[in-house]
Amino acid sequence: MVFYFKDWIDEEIVAGLEGITETFLLMTHGEFTKKRGTNDYQNIRNIRGGWRKVFHREFDGKDFTCTHYLQFNNCAPQYLQTIHACIALVNSESIYNYLYFQCPVDTEWSEIYQFMEYINRSLNVLYASAGYEMAINVLHYPGSMGYGIRALKSLKYVNSEESDWHNLRFDFWFGIPCPNFIQILSPEWAKKVGAEIPDGIHAKTEKEKLFLDILDRTSGQISEPALETIEVRFQVLYCLLKPLIILPERTRFMKKEDWAKRLRRFEPVYE
């Protein structure tokens, strides 16, 4: 899940972000064991004294005239990270604030949807997106990021922070990189989508933000459709969001031809 939001960062917002982080941990039944902050950006370090201590040391008493960055995860050399949170905050007219969360693959879609509703009620969300994400292990060996990104060329419905979300804090003025299982659009961007929502796409408006998703709803439950249905709905959603779609810069880990194919992965195929 990624969130781009435009709130003036002050003590109240920082307190709200602490609550959001706690809610994420409750949802995932996980814990943070590693951290990376603004002053030790190149290194991942063990958490000592609990994640809250690290959180307050990074964000308390700052004026946010420059970006303050904090990353938590549960990565270890012997396995992939399954819990990951990243917070990037700045008071700027041209750069958006950023939240990124990665949770275990067996997390219920209903919990993810409710978590996104909660954040939308807590922050001025301009754009949010949720779907399958590439898991990595930055502690295992230095090339793990590149290996994972290159694997994306054969994983049509999987995203990654490096390829899809990394630079959107700066490029958000121009558009979004791709459709996803769930997305939230600001009122300004919702106008570009149009009022008529195609069959198979679920839509609702909350706090003037447009929620769109391709999930199934039966008997009050939210579930993932069959793969064939996912493919059709992604194509329909891509056409609906086409006025907002931008072409992100190619990640350094993927060849030009593979990147070009990836950018077209949601386009309908006509025979």
Side-chain angles (χ1 to χ4, degrees), residues 1-28 55 59 64 70 72 83-93 95-103 107-133 159 161 164-165 168-169 171-173 175-195 197 201-217 220-224 233 237 240-241 243-245:
M1 294 167 281
V2 292
F3 301 84
Y4 301 86
F5 62 101
K6 193 64 175 176
D7 292 87
W8 186 262
I9 306 302
D10 55 19
E11 291 182 1
E12 183 178 353
I13 293 297
V14 170
L17 290 168
E18 181 182 8
I20 286 171
T21 305
E22 180 182 31
T23 301
F24 170 72
L25 285 177
L26 291 172
M27 179 183 75
T28 57
F55 182 94
F59 295 134
F64 298 98
L70 185 57
F72 293 122
I83 304 294
H84 181 76
C86 176
I87 306 170
L89 305 177
V90 63
N91 286 325
S92 169
E93 292 299 321
I95 306 173
Y96 290 101
N97 297 301
Y98 174 68
L99 292 175
Y100 174 91
F101 296 101
Q102 196 173 76
C103 55
T107 307
E108 295 289 340
W109 281 108
S110 59
E111 293 185 282
I112 292 173
Y113 198 91
Q114 290 167 12
F115 184 66
M116 296 180 75
E117 290 176 312
Y118 161 56
I119 292 183
N120 183 58
R121 291 191 296 268
S122 304
L123 300 169
N124 181 20
V125 174
L126 300 176
Y127 171 64
S129 185
Y132 286 107
E133 196 80 357
N159 307 292
E161 187 178 18
D164 295 299
W165 317 118
L168 198 57
R169 290 182 62 221
D171 297 336
F172 180 77
W173 293 98
I176 65 178
C178 59
N180 217 337
F181 280 81
I182 307 170
Q183 40 269 300
I184 305 173
L185 304 177
S186 67
E188 293 75 19
W189 280 22
K191 291 177 183 177
K192 296 184 179 182
V193 171
I197 305 299
I201 308 299
H202 181 267
K204 79 164 191 174
T205 300
E206 185 175 296
K207 286 192 65 177
E208 300 183 334
K209 312 296 173 57
L210 178 63
F211 283 65
L212 296 171
D213 70 76
I214 61 170
L215 300 169
D216 281 340
R217 285 164 172 77
Q221 301 295 315
I222 300 177
S223 60
E224 185 174 316
R233 290 182 183 175
L237 183 60
L240 181 67
L241 296 175
L244 304 177
I245 300 294

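Just so you know, these numbers use all the heavy atoms, side chains as well, and skip hydrogens, waters and symmetry mates.
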- [ ] Compare every heavy atom of Ile13 with every heavy atom of Trp8, then report the nearest pair and how far apart it is.
- [x] O-CG1, 3.4 Å

TODO: Mind listing the closest non-hydrogen atom pair of Ser129 and Asn180 along with its distance?
DONE: OG-ND2, 2.9 Å

Task: Atom pair CH2/OG of Trp109 and Ser223 - distance to nearest 0.5 Å - done: 11.0 Å

TODO: Spell out, as yes or no, whether a donor-acceptor pair under 3.5 Å connects the side chain of Lys209 to the backbone of Asn120.
DONE: no

Open item on the list: Whether the side chain of Asp213 engages the backbone of Gln183 through a donor-acceptor N/O pair (distance < 3.5 Å, no angle test) should be reported.
Closed with: no

TODO: Supply the atom-to-atom distance Thr23 OG1 to Leu17 CG, rounded to the nearest 0.5 angstrom.
DONE: 11.0 Å

- [ ] Report yes if some heavy atom in the side chain of Ile176 is under 4.5 Å from a heavy atom in the side chain of Trp189; otherwise report no.
- [x] yes

TODO: Would you name the heavy atoms of Glu111 and Met27 that are closest together and state the gap between them?
DONE: O-SD, 3.6 Å

TODO: Classify the angle between the aromatic ring planes of His202 and Tyr113 as parallel (below 30°), tilted (30 to 60°) or perpendicular (above 60°).
DONE: perpendicular

Task: Nearest non-hydrogen partners of Leu215 and Arg217, listed with the distance - done: O-NH1, 3.6 Å

- [ ] Nearest 0.5 Å please: distance from the CG atom of Leu89 over to the CG atom of Asp7.
- [x] 10.0 Å

Task: Side-chain (Asn124) to main-chain (Lys6) donor-acceptor, under 3.5 angstrom - done: yes

TODO: Please list, chain by chain and in numerical order, all residues satisfying side chain to side chain donor-acceptor pair (under 3.5 Å) with Thr205, sequence neighbours excluded.
DONE: none

TODO: Check Phe3 against Ala128 and note the closest heavy-atom contact, atom names and distance.
DONE: CD2-CB, 3.5 Å

- [ ] Describe, in one word, how the ring planes of Phe115 and Phe101 are oriented to each other, choosing from parallel (under 30°), tilted (30 to 60°) and perpendicular (over 60°).
- [x] perpendicular

TODO: Name the orientation class of the two ring planes belonging to Tyr4 and Tyr98 (parallel below 30°, tilted from 30 to 60°, perpendicular beyond 60°).
DONE: tilted

Task: Criterion side-chain contact (heavy atoms from CB on, under 4.5 Å) on Ile201 and Ile214, from CA distance to verdict - done: CA-CA 5 Å; Ile201 308 299; Ile214 61 170; 3.7 Å; yes

Open item on the list: If you compare all heavy atoms of Phe55 against all heavy atoms of Phe72, which two are closest, and at what distance to 0.1 Å?
Closed with: N-CZ, 4.2 Å

TODO: Take Leu123 and Leu99 through the test side-chain contact (heavy atoms from CB on, under 4.5 Å) and record every step on the way to the result.
DONE: CA-CA 11 Å; Leu123 300 169; Leu99 292 175; 3.8 Å; yes

Task: Audit row: Val90, Ile9, side-chain contact (heavy atoms from CB on, under 4.5 Å) steps and yes/no - done: CA-CA 7 Å; Val90 63; Ile9 306 302; over 6 Å; no

Task: Atom NZ of Lys204 with >12 non-hydrogen neighbours under 6.0 angstrom - done: yes

TODO: Hey, could you give me the CD/CD1 distance between Glu117 and Ile184, rounded to the nearest 0.5 Å?
DONE: 8.0 Å

- [ ] For residues Thr21 and Ile87, determine if any side-chain heavy atom of one lies less than 4.5 Å from a side-chain heavy atom of the other.
- [x] yes

- [ ] Step through the shown structure and confirm whether more than 12 heavy atoms of other residues, nucleotides or ligands are within 6.0 Å of CD on Gln221.
- [x] no

Task: Main-chain N/O of Pro177 paired to Asp164 side chain as donor or acceptor, under 3.5 Å - done: no

Task: Pair Ile83-Phe24, side-chain contact (heavy atoms from CB on, under 4.5 Å): steps then yes or no - done: CA-CA 9 Å; Ile83 304 294; Phe24 170 72; 3.6 Å; yes

- [ ] Enter the distance from Leu212:CG to Leu241:CG here, rounded to the nearest 0.5 Å.
- [x] 6.0 Å

Open item on the list: If only side-chain N and O atoms count, and only distance matters, is there a donor-acceptor pair under 3.5 Å linking Glu133 with Trp165?
Closed with: yes

Open item on the list: Please report the interatomic distance CE(Met116) to CD1(Ile182), rounded to the nearest 0.5 Å.
Closed with: 5.5 Å

